[in-house]
Asks: 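Take a look at this one; I'll ask things after.
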Number of protein chains: 2
Amino acid sequence: MKRTIFIFTILIVAILTLFQLSKYTIISGDTKIEMIIGVIAIVFFVIGVYMNKRSLHRKRLPEGSIDHKKIKELGLSKRECEVLNQIATGRSNQEIAEKLFVSESTVKTHVSNILMKLDVKRRTQAVQKAKELQIIAF
Amino acid sequence: MKRTIFIFTILIVAILTLFQLSKYTIISGDTKIEMIIGVIAIVFFVIGVYMNKRSLHRKRLPEGSIDHKKIKELGLSKRECEVLNQIATGRSNQEIAEKLFVSESTVKTHVSNILMKLDVKRRTQAVQKAKELQIIAF
DNA sequence: GTGTATTTGGTACTTTAGTATGAGTTCTTT
DNA sequence: AAAGAACTCATACTAAAGTACCAAATACAC
(Lines give C-alpha, C1' and ligand atoms only; values in the text may rest on other atoms or scores of the structure.)
Protein backbone atom coordinates (compact mmCIF):
# COMPACT_ATOMS: atom_id res chain seq x y z
CA MET A 1 0.00 0.00 0.00
CA LYS A 2 2.88 2.29 0.79
CA ARG A 3 4.41 1.52 -2.57
CA THR A 4 1.20 2.43 -4.34
CA ILE A 5 1.16 5.85 -2.68
CA PHE A 6 4.82 6.32 -3.53
CA ILE A 7 4.27 5.46 -7.17
CA PHE A 8 1.27 7.76 -7.43
CA THR A 9 3.19 10.64 -5.90
CA ILE A 10 6.00 10.24 -8.41
CA LEU A 11 3.43 9.99 -11.19
CA ILE A 12 1.67 13.20 -10.24
CA VAL A 13 4.96 15.04 -9.87
CA ALA A 14 6.05 13.79 -13.28
CA ILE A 15 2.80 14.94 -14.88
CA LEU A 16 2.99 18.41 -13.35
CA THR A 17 6.61 18.73 -14.41
CA LEU A 18 5.64 17.81 -17.94
CA PHE A 19 2.90 20.41 -17.97
CA GLN A 20 5.19 23.13 -16.70
CA LEU A 21 7.89 22.10 -19.12
CA SER A 22 5.56 22.18 -22.10
CA LYS A 23 4.24 25.63 -21.18
CA TYR A 24 7.75 26.96 -20.66
CA THR A 25 9.01 25.62 -23.96
CA ILE A 26 6.09 27.01 -25.89
CA ILE A 27 6.67 30.49 -24.49
CA SER A 28 10.31 30.41 -25.52
CA GLY A 29 9.05 29.35 -28.92
CA ASP A 30 12.10 27.55 -30.22
CA THR A 31 10.71 24.03 -29.97
CA LYS A 32 8.12 22.58 -32.25
CA ILE A 33 4.73 21.87 -30.74
CA GLU A 34 4.64 18.44 -32.34
CA MET A 35 7.56 17.33 -30.24
CA ILE A 36 5.90 18.27 -26.99
CA ILE A 37 2.63 16.67 -27.91
CA GLY A 38 4.50 13.56 -29.02
CA VAL A 39 6.33 13.29 -25.74
CA ILE A 40 3.16 13.77 -23.72
CA ALA A 41 1.35 11.22 -25.84
CA ILE A 42 4.06 8.63 -25.38
CA VAL A 43 4.36 9.27 -21.65
CA PHE A 44 0.65 8.90 -21.05
CA PHE A 45 0.46 5.89 -23.27
CA VAL A 46 3.14 4.21 -21.17
CA ILE A 47 1.40 5.27 -17.97
CA GLY A 48 -1.84 3.82 -19.27
CA VAL A 49 -0.22 0.51 -20.14
CA TYR A 50 1.63 0.32 -16.85
CA MET A 51 -1.34 1.14 -14.62
CA ASN A 52 -3.58 -1.25 -16.46
CA LYS A 53 -1.06 -4.03 -16.01
CA ARG A 54 -0.80 -3.34 -12.29
CA SER A 55 -4.55 -3.30 -11.73
CA LEU A 56 -4.96 -6.51 -13.68
CA HIS A 57 -2.23 -8.16 -11.69
CA ARG A 58 -3.93 -7.13 -8.49
CA LYS A 59 -7.08 -8.83 -9.69
CA ARG A 60 -5.34 -12.01 -10.72
CA LEU A 61 -3.10 -12.68 -7.77
CA PRO A 62 -5.77 -12.47 -5.05
CA GLU A 63 -7.57 -15.35 -6.67
CA GLY A 64 -5.18 -17.03 -4.29
CA SER A 65 -7.61 -15.89 -1.64
CA ILE A 66 -9.29 -19.03 -0.48
CA ASP A 67 -12.88 -19.84 0.33
CA HIS A 68 -12.50 -20.21 4.07
CA LYS A 69 -16.20 -20.72 4.58
CA LYS A 70 -16.15 -23.84 2.46
CA ILE A 71 -13.14 -25.12 4.33
CA LYS A 72 -15.04 -24.85 7.58
CA GLU A 73 -18.07 -26.47 6.04
CA LEU A 74 -15.95 -29.40 4.99
CA GLY A 75 -14.30 -29.51 8.40
CA LEU A 76 -10.78 -29.31 7.03
CA SER A 77 -8.15 -28.49 9.64
CA LYS A 78 -5.12 -26.27 9.09
CA ARG A 79 -2.76 -29.16 8.74
CA GLU A 80 -5.05 -30.91 6.32
CA CYS A 81 -5.13 -27.80 4.17
CA GLU A 82 -1.34 -27.70 4.14
CA VAL A 83 -1.23 -31.31 3.05
CA LEU A 84 -3.87 -30.64 0.41
CA ASN A 85 -1.76 -27.85 -1.06
CA GLN A 86 1.25 -30.11 -1.09
CA ILE A 87 -0.74 -32.76 -2.91
CA ALA A 88 -1.78 -30.16 -5.47
CA THR A 89 1.87 -29.47 -6.30
CA GLY A 90 2.27 -33.13 -7.23
CA ARG A 91 4.32 -34.27 -4.27
CA SER A 92 4.34 -37.85 -2.98
CA ASN A 93 3.44 -38.73 0.60
CA GLN A 94 7.12 -39.21 1.36
CA GLU A 95 8.02 -35.80 -0.04
CA ILE A 96 5.18 -34.12 1.84
CA ALA A 97 6.37 -35.81 5.03
CA GLU A 98 9.87 -34.37 4.55
CA LYS A 99 8.52 -30.94 3.69
CA LEU A 100 6.30 -30.76 6.77
CA PHE A 101 8.76 -32.53 9.09
CA VAL A 102 6.44 -35.40 9.99
CA SER A 103 6.39 -39.13 9.25
CA GLU A 104 4.83 -40.64 6.18
CA SER A 105 2.26 -42.33 8.42
CA THR A 106 1.03 -38.96 9.54
CA VAL A 107 0.74 -37.73 5.98
CA LYS A 108 -1.19 -40.84 5.04
CA THR A 109 -3.58 -40.24 7.91
CA HIS A 110 -4.10 -36.66 6.79
CA VAL A 111 -4.56 -37.67 3.18
CA SER A 112 -7.12 -40.30 4.16
CA ASN A 113 -9.06 -37.72 6.17
CA ILE A 114 -8.88 -35.21 3.32
CA LEU A 115 -10.23 -37.76 0.85
CA MET A 116 -13.09 -38.55 3.22
CA LYS A 117 -13.97 -34.91 3.82
CA LEU A 118 -13.81 -34.04 0.14
CA ASP A 119 -15.75 -37.20 -0.67
CA VAL A 120 -13.32 -38.47 -3.27
CA LYS A 121 -11.31 -41.64 -3.74
CA ARG A 122 -7.97 -40.49 -5.09
CA ARG A 123 -5.63 -37.58 -4.48
CA THR A 124 -5.90 -36.53 -8.11
CA GLN A 125 -9.64 -36.14 -7.68
CA ALA A 126 -9.04 -34.25 -4.45
CA VAL A 127 -6.93 -31.69 -6.32
CA GLN A 128 -9.62 -31.35 -8.98
CA LYS A 129 -12.38 -30.85 -6.42
CA ALA A 130 -10.30 -28.50 -4.29
CA LYS A 131 -9.81 -26.30 -7.34
CA GLU A 132 -13.53 -26.28 -8.04
CA LEU A 133 -14.32 -25.38 -4.46
CA GLN A 134 -11.51 -22.79 -4.49
CA ILE A 135 -9.97 -24.07 -1.32
CA ILE A 136 -6.47 -24.19 -2.77
CA ALA A 137 -4.38 -21.45 -4.37
CA PHE A 138 -4.24 -22.74 -7.95
CA MET B 1 -5.57 -10.29 -38.02
CA LYS B 2 -7.80 -8.21 -40.24
CA ARG B 3 -9.38 -6.66 -37.19
CA THR B 4 -5.99 -5.70 -35.82
CA ILE B 5 -5.12 -3.84 -39.04
CA PHE B 6 -8.52 -2.14 -38.96
CA ILE B 7 -8.05 -0.99 -35.38
CA PHE B 8 -4.55 0.27 -36.07
CA THR B 9 -5.73 2.22 -39.09
CA ILE B 10 -8.43 3.94 -37.07
CA LEU B 11 -5.90 4.62 -34.34
CA ILE B 12 -3.40 6.27 -36.66
CA VAL B 13 -6.11 8.35 -38.29
CA ALA B 14 -7.32 9.47 -34.86
CA ILE B 15 -3.81 10.44 -33.81
CA LEU B 16 -3.14 12.44 -36.98
CA THR B 17 -6.49 14.17 -36.61
CA LEU B 18 -5.59 15.11 -33.07
CA PHE B 19 -2.26 16.53 -34.19
CA GLN B 20 -3.82 18.60 -36.91
CA LEU B 21 -6.54 19.78 -34.59
CA SER B 22 -4.07 20.85 -31.94
CA LYS B 23 -1.98 22.78 -34.43
CA TYR B 24 -5.04 24.44 -35.91
CA THR B 25 -6.35 25.47 -32.51
CA ILE B 26 -3.04 26.92 -31.45
CA ILE B 27 -2.83 29.07 -34.55
CA SER B 28 -6.31 30.44 -33.97
CA GLY B 29 -5.11 31.22 -30.47
CA ASP B 30 -8.42 31.18 -28.67
CA THR B 31 -7.91 27.89 -26.81
CA LYS B 32 -5.58 27.36 -23.93
CA ILE B 33 -2.66 25.05 -24.50
CA GLU B 34 -3.36 23.18 -21.25
CA MET B 35 -6.68 22.02 -22.62
CA ILE B 36 -5.11 20.49 -25.71
CA ILE B 37 -2.37 18.79 -23.78
CA GLY B 38 -4.91 17.48 -21.30
CA VAL B 39 -7.06 16.02 -24.05
CA ILE B 40 -4.07 14.39 -25.72
CA ALA B 41 -2.89 13.01 -22.41
CA ILE B 42 -6.29 11.50 -21.63
CA VAL B 43 -6.72 10.08 -25.12
CA PHE B 44 -3.33 8.38 -25.08
CA PHE B 45 -3.86 7.15 -21.56
CA VAL B 46 -7.09 5.49 -22.66
CA ILE B 47 -5.41 4.06 -25.75
CA GLY B 48 -2.65 2.65 -23.54
CA VAL B 49 -5.11 1.01 -21.19
CA TYR B 50 -7.22 -0.36 -24.03
CA MET B 51 -4.37 -1.83 -26.05
CA ASN B 52 -2.79 -3.38 -23.01
CA LYS B 53 -6.07 -5.00 -22.09
CA ARG B 54 -6.44 -6.41 -25.57
CA SER B 55 -2.96 -7.86 -25.69
CA LEU B 56 -3.37 -9.41 -22.26
CA HIS B 57 -6.72 -10.87 -23.18
CA ARG B 58 -5.19 -12.45 -26.25
CA LYS B 59 -2.73 -14.19 -23.99
CA ARG B 60 -5.18 -15.27 -21.31
CA LEU B 61 -8.43 -16.27 -22.96
CA PRO B 62 -6.97 -18.65 -25.54
CA GLU B 63 -5.49 -20.61 -22.68
CA GLY B 64 -8.53 -22.75 -23.38
CA SER B 65 -6.82 -23.44 -26.67
CA ILE B 66 -3.82 -25.62 -26.20
CA ASP B 67 -0.18 -25.02 -26.97
CA HIS B 68 0.12 -27.45 -29.87
CA LYS B 69 3.70 -26.46 -30.54
CA LYS B 70 4.78 -27.59 -27.10
CA ILE B 71 2.90 -30.84 -27.54
CA LYS B 72 4.87 -31.53 -30.69
CA GLU B 73 8.09 -30.56 -28.99
CA LEU B 74 7.37 -33.05 -26.23
CA GLY B 75 6.38 -35.68 -28.77
CA LEU B 76 2.99 -36.35 -27.23
CA SER B 77 0.62 -38.30 -29.48
CA LYS B 78 -3.13 -37.76 -29.76
CA ARG B 79 -3.97 -40.69 -27.58
CA GLU B 80 -1.48 -39.66 -24.96
CA CYS B 81 -3.06 -36.22 -24.83
CA GLU B 82 -6.45 -37.80 -24.32
CA VAL B 83 -5.10 -39.87 -21.46
CA LEU B 84 -3.39 -36.83 -20.00
CA ASN B 85 -6.68 -34.96 -19.96
CA GLN B 86 -8.36 -37.91 -18.30
CA ILE B 87 -5.66 -37.97 -15.65
CA ALA B 88 -6.22 -34.27 -15.03
CA THR B 89 -9.86 -34.94 -14.20
CA GLY B 90 -8.74 -37.27 -11.44
CA ARG B 91 -9.65 -40.58 -13.00
CA SER B 92 -7.90 -43.85 -12.20
CA ASN B 93 -6.25 -46.01 -14.86
CA GLN B 94 -9.22 -48.37 -14.70
CA GLU B 95 -11.71 -45.55 -15.20
CA ILE B 96 -9.70 -44.09 -18.06
CA ALA B 97 -9.60 -47.52 -19.68
CA GLU B 98 -13.39 -47.78 -19.56
CA LYS B 99 -13.84 -44.24 -20.83
CA LEU B 100 -11.53 -44.75 -23.82
CA PHE B 101 -12.62 -48.36 -24.49
CA VAL B 102 -9.19 -49.90 -24.03
CA SER B 103 -7.60 -52.18 -21.45
CA GLU B 104 -5.95 -50.95 -18.28
CA SER B 105 -2.62 -52.22 -19.64
CA THR B 106 -2.87 -49.83 -22.54
CA VAL B 107 -3.63 -46.95 -20.25
CA LYS B 108 -0.65 -47.83 -18.10
CA THR B 109 1.59 -47.85 -21.15
CA HIS B 110 0.29 -44.44 -22.19
CA VAL B 111 0.70 -43.06 -18.69
CA SER B 112 4.24 -44.35 -18.50
CA ASN B 113 5.09 -42.71 -21.82
CA ILE B 114 3.46 -39.46 -20.73
CA LEU B 115 5.47 -39.40 -17.51
CA MET B 116 8.66 -39.97 -19.48
CA LYS B 117 7.90 -37.28 -22.04
CA LEU B 118 6.92 -34.76 -19.39
CA ASP B 119 9.93 -35.78 -17.33
CA VAL B 120 7.98 -36.36 -14.11
CA LYS B 121 7.54 -39.28 -11.76
CA ARG B 122 3.88 -39.19 -10.76
CA ARG B 123 0.60 -38.46 -12.48
CA THR B 124 -0.09 -35.66 -10.05
CA GLN B 125 3.11 -33.96 -11.14
CA ALA B 126 2.18 -34.56 -14.75
CA VAL B 127 -1.06 -32.64 -14.25
CA GLN B 128 0.83 -29.81 -12.58
CA LYS B 129 3.38 -29.61 -15.38
CA ALA B 130 0.80 -29.95 -18.11
CA LYS B 131 -1.01 -26.95 -16.68
CA GLU B 132 2.19 -24.93 -16.61
CA LEU B 133 2.97 -25.83 -20.20
CA GLN B 134 -0.64 -25.16 -21.18
CA ILE B 135 -1.06 -28.46 -22.92
CA ILE B 136 -4.32 -29.30 -21.14
CA ALA B 137 -7.55 -27.34 -20.96
CA PHE B 138 -7.55 -26.44 -17.30
C1' DG C 1 -8.94 -29.17 34.81
C1' DT C 2 -11.98 -31.59 31.98
C1' DG C 3 -13.37 -32.59 27.54
C1' DT C 4 -13.00 -32.13 22.62
C1' DA C 5 -10.48 -31.70 18.43
C1' DT C 6 -6.11 -31.78 16.32
C1' DT C 7 -1.83 -33.67 15.34
C1' DT C 8 1.15 -37.18 15.38
C1' DG C 9 2.65 -41.97 14.67
C1' DG C 10 2.47 -47.02 14.24
C1' DT C 11 1.17 -51.79 12.17
C1' DA C 12 -0.91 -54.53 8.87
C1' DC C 13 -3.26 -54.89 4.88
C1' DT C 14 -5.43 -53.93 0.09
C1' DT C 15 -5.48 -51.36 -3.89
C1' DT C 16 -3.71 -48.49 -7.37
C1' DA C 17 0.17 -46.70 -9.87
C1' DG C 18 4.19 -47.20 -12.40
C1' DT C 19 8.30 -49.93 -14.75
C1' DA C 20 10.25 -53.17 -17.90
C1' DT C 21 9.81 -55.94 -21.65
C1' DG C 22 7.91 -57.98 -25.54
C1' DA C 23 4.81 -58.30 -29.21
C1' DG C 24 0.84 -57.92 -32.48
C1' DT C 25 -2.04 -54.42 -35.06
C1' DT C 26 -3.23 -50.34 -37.53
C1' DC C 27 -2.22 -46.27 -40.00
C1' DT C 28 0.52 -43.20 -42.46
C1' DT C 29 4.39 -41.76 -45.26
C1' DT C 30 7.59 -42.48 -48.65
C1' DA D 1 4.89 -52.48 -50.53
C1' DA D 2 8.16 -51.44 -46.85
C1' DA D 3 9.47 -48.51 -42.82
C1' DG D 4 8.19 -46.18 -38.99
C1' DA D 5 5.19 -44.27 -35.76
C1' DA D 6 1.20 -44.90 -32.98
C1' DC D 7 -1.93 -47.85 -30.62
C1' DT D 8 -2.94 -51.91 -28.50
C1' DC D 9 -2.39 -55.62 -24.87
C1' DA D 10 -0.11 -58.92 -21.72
C1' DT D 11 2.87 -60.56 -17.86
C1' DA D 12 5.57 -59.86 -13.93
C1' DC D 13 7.38 -56.99 -10.96
C1' DT D 14 8.29 -52.82 -7.64
C1' DA D 15 6.70 -48.78 -5.58
C1' DA D 16 3.37 -45.76 -4.00
C1' DA D 17 -1.16 -44.77 -2.35
C1' DG D 18 -4.91 -45.62 0.48
C1' DT D 19 -7.72 -48.15 4.43
C1' DA D 20 -8.57 -49.64 9.04
C1' DC D 21 -7.65 -49.48 13.60
C1' DC D 22 -5.37 -48.01 17.44
C1' DA D 23 -3.02 -44.86 20.61
C1' DA D 24 -0.40 -41.08 22.64
C1' DA D 25 0.87 -36.06 22.89
C1' DT D 26 -0.79 -31.43 22.26
C1' DA D 27 -3.73 -27.72 21.93
C1' DC D 28 -7.68 -25.13 23.08
C1' DA D 29 -12.16 -23.78 24.71
C1' DC D 30 -15.30 -23.76 28.52
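Proteins get letters first, then strands, A, B, ... in listed order; numbering begins at 1 in each. These numbers come from the heavy atoms of this one structure, side chains and all, not from hydrogens, waters or symmetry mates.
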Asks: Would you say B:S77 reaches D:dA6's phosphate, i.e. side-chain N/O to OP1/OP2 under 4.0 Å?
Replies: no
Asks: Work out which heavy atom in A:L118 is nearest to a heavy atom in A:L74; give both atom names and the distance.
Replies: CD2-CD1, 3.7 Å
Asks: Please list, pair by pair, any protein nitrogen or oxygen found under 3.5 Å from a nitrogen or oxygen in nucleotides 16-23 of chain D.
Replies:
{"residue": "D:dA17", "atom": "OP2", "partner": "A:N93", "partner atom": "N", "Å": "2.9"}
{"residue": "D:dG18", "atom": "OP1", "partner": "A:R123", "partner atom": "N", "Å": "2.7"}
{"residue": "D:dG18", "atom": "OP2", "partner": "A:R123", "partner atom": "NE", "Å": "2.7"}
{"residue": "D:dG18", "atom": "OP2", "partner": "A:R123", "partner atom": "NH2", "Å": "3.2"}
{"residue": "D:dG18", "atom": "N7", "partner": "A:K108", "partner atom": "NZ", "Å": "3.3"}
{"residue": "D:dG18", "atom": "O6", "partner": "A:K108", "partner atom": "NZ", "Å": "2.8"}
{"residue": "D:dT19", "atom": "OP2", "partner": "A:S112", "partner atom": "OG", "Å": "2.7"}

Asks: Starting from P on D:dA6, measure out to NZ on B:K72 and report it in whole angstrom.
Replies: 12 Å
Asks: Would B:R79 and B:S77 satisfy side chain to side chain donor-acceptor pair (under 3.5 Å), going step by step from the backbone distance to the final call?
Replies: CA-CA 6 Å; B:R79 205 55 162 171; B:S77 69; over 6 Å; no
Asks: For a 4.5 angstrom cut-off between non-hydrogen side-chain atoms, does A:I71 reach A:E80?
Replies: no
Asks: Side-chain polar contacts of residues 104-114 of chain A - donor-acceptor pairs under 3.5 angstrom, sequence neighbours left out - could you list them?
Replies:
{"residue": "A:T106", "atom": "OG1", "partner": "A:S103", "partner atom": "OG", "Å": "3.1"}
{"residue": "A:T109", "atom": "OG1", "partner": "A:S105", "partner atom": "O", "Å": "2.9"}
{"residue": "A:N113", "atom": "ND2", "partner": "A:T109", "partner atom": "O", "Å": "3.2"}

Asks: Could you tell me whether the side chain of A:E98 and the main chain of A:E95 form a donor-acceptor pair under 3.5 Å?
Replies: no
Asks: Is a side-chain donor or acceptor of B:Q125 paired with a backbone partner of B:K121 at a separation under 3.5 angstrom?
Replies: yes
Asks: What is the nucleic acid contact for B:S105, judged by heavy atoms within less than 4.0 Å: base, sugar-phosphate only, or nothing?
Replies: base
Asks: When you list every nucleotide of DNA chain C with an atom under 4.0 Å from a heavy atom of chain B, which one comes first 5' to 3', and which comes last?
Replies: C:dA17 to C:dT19
Asks: Determine whether a donor-acceptor pair (N or O, by modelled atom type, separation under 3.5 Å) exists between the side chain of B:D119 and the backbone of B:L115.
Replies: no
Asks: At their closest point, which heavy atom of B:K70 faces which heavy atom of B:I135, and how far apart are they?
Replies: CB-CG2, 4.1 Å
